[in-house]
Amino acid sequence: MSEFAAVTEDQALKDLVAARIQTGGRITFRDFMELALYHPLHGYYSSRRDKIGREGDYLTSPEVSPIFGALFGRQLHEVWGAMGRPAAFDLVELGAGTGALCRDILAWAQRSAPPFFDTLAYRIVEVSEEMVEQQRRALRAVQGALDKVAWQRELDPGSVDGCLLSNEFFDSFPVHRVLARGGRLLEVYVSWDGGRFVEEPDEPSTPAIDEYFRRLGLRPGEGCSAEVNLQAPDWMRRAGRALRRGFVVTFDYGYEAVELYAPWRHDGTLMAFYRHSPGSDPYARVGRQDLTSHVDFTSLIAAGREAGLEVAGLVTQSEFLSNLGISDALRPPVEGGPSLEEYYARRRAVTDLIDPAGLGRIRVLVQTKSVGDCRLAGLGGKPYDGRDREQGA
């Protein structure tokens with residue numbers, strides 16, 4: 001194998017997928033995507049190369065700046081107060097990436113709200129051992145943080161009193177791809193022609209796809225391709241069953257169904273990312289590039305309702321962070337405060353986090369269970385003024 005091929009794709013994984021097709025026949029695109037991302041030895045998320053961050057393939061909000069974790073810490077502190085300041089507060093993060101968000105939330109709470117920090121029991125739901133190692137390394141930067149965190153692979157029903165959190169979790173699931181042709185809904189299958197992967201449209205592999213669109217009361221427009229994420233609603237139902245009392249907060253790229261499956265969206269939302277460069281070919285760099293698609297928030301909301309979750313609000317990340325006071329980071333430097341260099345670094349971070357063409361367009365869905373009417377600052381209920389804080393932020 002050439003050095004170029006070794007860098008741009010995992011040949012072992014490509015051969016494995018091709019052999020599976022040659023032996024058992026074509027596979028759904030969803031199964032191809034699952035192998036490309038999650039194969040235990042060769043999948044993208046099993047790789048030890050940098051994936052998240054400025055040296056990786058894509059950047060998430062926690063990697064931009066600790067400001068993101070500090071602001072969400074403010075929101076969590078308000079949530080804790082709305083729940084009556086319980087002596088034990090579960091904070092469960094689904095797929096914690098590099099651990100940056102966990103680290104920054106705990107650092108903010110330890111510094112700015114020690115009584116809240118003392119109540120925190122932080123749990124990370126993570127299936128990748130390689131990511132667990134990264135998370136442990138990140139947490140060593142905060143004294144006592146490792147003692148506050150435990151790892152698990154599943155969500156147990158009725159196990160959470162507090163908050164279930166996810167950041168770009170649902171958009172990483174493998175998806176079925178469908179095509180609207182001649183009034184019919186066809187699914188994309190992947191075959192191997194001896195030298196490359198090729199797509200074959202045919203009848204859907206599961207009636208769940210038709211049922212998915214029947215529940216929405218719409219379909220992709222004629223001639224359009226689209227993605228169907230059947231795992232995301234299932235996970236939201238799990239989250240709802242796991243939450244006994246409290247909040248579910250979801251940060252993710254996506255839209256409500258009427259916009260996600262709009263007739264003008266001809267090519268769907270599936271994207272590949274490699275070294276911060278977006279691409280549209282999912283069959284390039286197999287095992288070396290990230291594959292992602294936008295989330296259908298209408299289906300997430302419906303699945304949450306099935307599990308007892310009520311919607312408190314759905315806003316953009318730009319709105320959410322602005323409501324929590326991100327503009328505070330833009331105050332000009334004063335004598336004895338942050339340096340001019342730090343001020344400009346913060347300014348760049350704020351711009352990145354609320355950019356409506358970038359991270360700022362991420363949607364923030366807040367759902368509740370058994371907490372009554374709660375107007376959170378991040379949703380515009382009231383500005384976070386720090387009155388509940390034990391110390392200044």
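All figures in this text were calculated on a predicted structure; none of them were measured in a lab.
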salt_bridge([X], [Y]) N-O dist < 4.0 Å:
| X | Y | answer |
| --- | --- | --- |
| R177 | E227 | no |
| R265 | D267 | no |
| R85 | E78 | no |
| R238 | D234 | yes |

Note to self: For a quick check under 3.5 Å, do E199 and Y283 share a side-chain donor-acceptor pair by atom type?
What the structure shows: yes
Notebook entry, point to check: Do D15 and Q11 have side-chain atoms, one donor and one acceptor, less than 3.5 Å apart?
Noted result: yes
What I'd like to find out is whether the side chain of [X] reaches to under 4.5 Å of the side chain of [Y], using heavy atoms alone.
| X | Y | result |
| --- | --- | --- |
| L155 | L94 | yes |
| H176 | M33 | no |
| H77 | W108 | yes |
| Q367 | L365 | yes |
| Y261 | C224 | no |

Note to self: If you count every heavy atom of other residues, nucleotides or ligands that lies below 6.0 Å from R184 atom CZ, does the total exceed 12?
What the structure shows: no
Next item on the list: Taking atom CD of E310 as the centre, report whether more than 12 heavy atoms of other residues, nucleotides or ligands fall under 6.0 Å from it.
Entry: no
Check: Are K148 and F117 in a cation-pi contact, defined as NZ or CZ under 6.0 Å from the six-membered ring centre and within 45° of the axis?
Finding: yes
Item checked: side-chain contact (heavy atoms from CB on, under 4.5 Å) involving R123 - partner list, sequence neighbours excluded -> D90, V92, Q152, S159, V160
Do [X] and [Y] land in one hydrophobic cluster if side-chain heavy atoms of ILVMFWY residues count as linked below 4.5 Å?
| X | Y | answer |
| --- | --- | --- |
| I105 | V79 | yes |
| V371 | V248 | no |
| V198 | L291 | no |

Check: Looking at F72, F297, F169, F170, which one forms a ring pair (Phe, Tyr, Trp, His ring centres under 6.0 Å) with F251?
Finding: F72
Notebook entry, point to check: Are the side chain of T292 and the backbone N or O of D171 linked by a donor-acceptor pair below 3.5 Å?
Noted result: yes
Checklist line | Criterion salt bridge (Lys or Arg N to Asp or Glu O under 4.0 Å) on E133 and R136, from CA distance to verdict | finding: CA-CA 5 Å; E133 289 179 21; R136 289 184 183 277; over 6 Å; no
Notebook entry, point to check: Out of R153, Q134, Q135, which one pairs with E126 under the side chain to side chain donor-acceptor pair (under 3.5 Å) rule?
Noted result: Q135
Next item on the list: Begin from the C-alpha positions of D161 and R245 and carry the test salt bridge (Lys or Arg N to Asp or Glu O under 4.0 Å) through to its verdict.
Entry: CA-CA 5 Å; D161 282 287; R245 179 172 179 258; 6.0 Å; no
Next item on the list: Apply salt bridge (Lys or Arg N to Asp or Glu O under 4.0 Å) to D328 and R74, showing your working.
Entry: CA-CA 13 Å; D328 292 348; R74 287 182 172 186; 3.4 Å; yes
Notebook entry, point to check: Does R361 have any salt bridge (charged side-chain N to carboxylate O under 4.0 Å, His left out) partners at least two apart in sequence or in another chain, and if so, which?
Noted result: none
Give the table of side-chain donor-acceptor pairs shorter than 3.5 Å for residues 17-29, with sequence neighbours excluded, one pair per line with atom names and distance.
unit_1	atom_1	unit_2	atom_2	d
T23	OG1	A19	O	2.9
R26	NH1	E200	OE1	3.3
R26	NH1	D202	OD2	3.3
R26	NH2	D202	OD2	2.7
T28	OG1	D31	N	3.1
T28	OG1	D31	OD2	3.4

